[in-house]
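Below you'll find the structure, written out as structure tokens, and then a few comments.
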Amino acid sequence: MTTSTSVMRSEIAEQPEALRRTLDALLPLVPELAELARDTRQVLFIARGSSDNAAVYGSYLLQAHAGRLATLASPSIATTYGSKVDLSGVLAVAISQSGRTEEIVDTMNWAAECGARTVGITNGAGSPLTQAADLALVTQAGSELAVPATKTYTTQLAALAVLALGLGADLDAGVLRAVPDAIGEAVDAPQGPIELIAERLAGVQGAVISGRGMAFSTALEAALKLKEACYLHAMGLSYADLLHGPIAVVDADTPAILVAANSGPTLPGTVALAERVSAAGAPVFGIGGGQALAGACDLSVPAPDLPEWAAPISLIAPAQLLTETLARRLGYNPDAPRGLGKVTQTS
């Protein structure tokens, strides 16, 4: 067995302060973002891994609250196919925790050559990404030593919320200021429910993690964490996609973990899905969703009461804690998953 503590657990606990530093650094840049984005019509996100999951949050946020079409790039169009695409009127937003992933930097440079304006979101001050972008949003997570991203991911979400403000989203910046305390609440909450869910997951080979809308990014990131640190065959799916076939894999040996904000238009569908999974005889666990989702699940972890648009920044914390707890229960070191490094280079 691994030790009772881990670097990953320590870094999860550092998230409130990392978020405060990040918001202090980035909120003053809202006017610069607005100026850079002036005359642009849509947003293209360029990312991989956890950063790609953060981009999913950014895409929903901008489309739901800033009236901007937002899409996720396919970097191979630039780096493998070498295609030229008309990106005039596009704001290209490249996201990389280190700012040193060559594929992401190269794709952002390609976007600029195709006519886009560029923003880089990274925790790597002075990195190639910051040097190449028209404007850099440098998060203030500090050093992150554990391979699974925790505080670098949540600070990326905060940066994307600041980006949304710069693009005219109808959001309250004061709510963002409340998020660090909210995630602190999630981290400091009693760990009993997480321990119980980890106990139930310790005997399975796979799980489905599902959410919709703003929470879809959390489902994707939670699945990635469970794969990389616990070696669990975890599928992250929108619950709409889950209902289009993959729900067939959910059974007594393949539980579902459902993620939702405590309010919002996707909550009723998430509760209905929990009820359907439970009726089929499969274990179902909840993260967030208030009493409505808790009442439909076998076990659930409460989440702070934030508006739906801000909830993903705190919703991921229970999933991070669950990953760390399950990894140690299984005898794995969550800080150093096999075959992985802190910076992944792709081409």
Just by distance, with hydrogens left out, do [X] and [Y] show a side-chain donor and acceptor under 3.5 Å apart?
X	Y	value
Thr122	Gln97	no
Ser10	Glu14	no
Thr139	Lys151	no
Glu11	Gln320	no
Ser6	Glu324	yes

Heavy-atom pair of closest approach, residues [X] and [Y]:
X	Y	answer
Val301	Pro318	CG1-CB, 3.8 Å
Leu62	Ala164	CD2-CA, 3.6 Å
Leu237	Phe216	C-CE1, 3.5 Å
Leu306	Ala182	CD1-CB, 3.8 Å
Phe285	Leu201	CE1-CD2, 4.0 Å
Val56	Leu72	CG2-CD2, 3.8 Å

When you look at Leu176 and Val162, which way does the side-chain contact (heavy atoms from CB on, under 4.5 Å) test go after all the steps?
-> CA-CA 9 Å; Leu176 269 185; Val162 172; 4.3 Å; yes

Should Arg177 and Asp24 count as an ion pair when the cut-off is N to O under 4.0 Å?
-> yes

Whether [X] side chain and [Y] backbone form a donor-acceptor pair below 3.5 Å:
X	Y	value
Glu185	Asp181	no
Ser127	Gly124	yes
Thr325	Leu321	yes
Asn123	Gly142	yes
Gln191	Ala189	yes
Asp335	Ala146	no
Ser59	Ala70	yes
Asp134	Val119	no
Ser98	Arg100	yes
Arg117	Leu36	yes

Heavy-atom side-chain proximity of [X] to [Y] below 4.5 angstrom:
X	Y	result
Arg21	Glu17	yes
Trp309	Val175	yes
Tyr332	Pro334	no
Ser217	Glu221	no
Leu19	Ile313	yes
Gln140	Leu23	no
Ile257	Ser210	no
Leu69	Gln63	yes

Give me the one residue out of Thr155, Thr154, Thr150 that meets side chain to side chain donor-acceptor pair (under 3.5 Å) with Gln15.
-> Thr154

Taking atom [atom1] of [X] and atom [atom2] of [Y], what is their separation to the nearest 0.5 Å?
X	Y	atom1	atom2	answer
Ser314	Ile183	OG	CD1	6.5 Å
Leu171	Leu61	CG	CG	5.5 Å
Glu199	Leu326	CD	CG	11.5 Å
Leu258	Ile209	CG	CD1	9.5 Å
Leu322	Ile194	CG	CD1	6.5 Å
Leu220	Asn53	CG	CG	5.0 Å

For the pair Arg48 and Glu103, evaluate salt bridge (Lys or Arg N to Asp or Glu O under 4.0 Å) and give the outcome as yes or no after the intermediate values.
-> CA-CA 9 Å; Arg48 291 289 192 197; Glu103 179 189 31; 2.8 Å; yes

Is the number of heavy atoms from other residues, nucleotides or ligands within 6.0 Å of NE2 (His65) greater than 12?
-> yes

Take Lys84 and Glu113, measure what salt bridge (Lys or Arg N to Asp or Glu O under 4.0 Å) needs, and give me the verdict at the end.
-> CA-CA 9 Å; Lys84 295 300 180 184; Glu113 292 168 2; 3.6 Å; yes

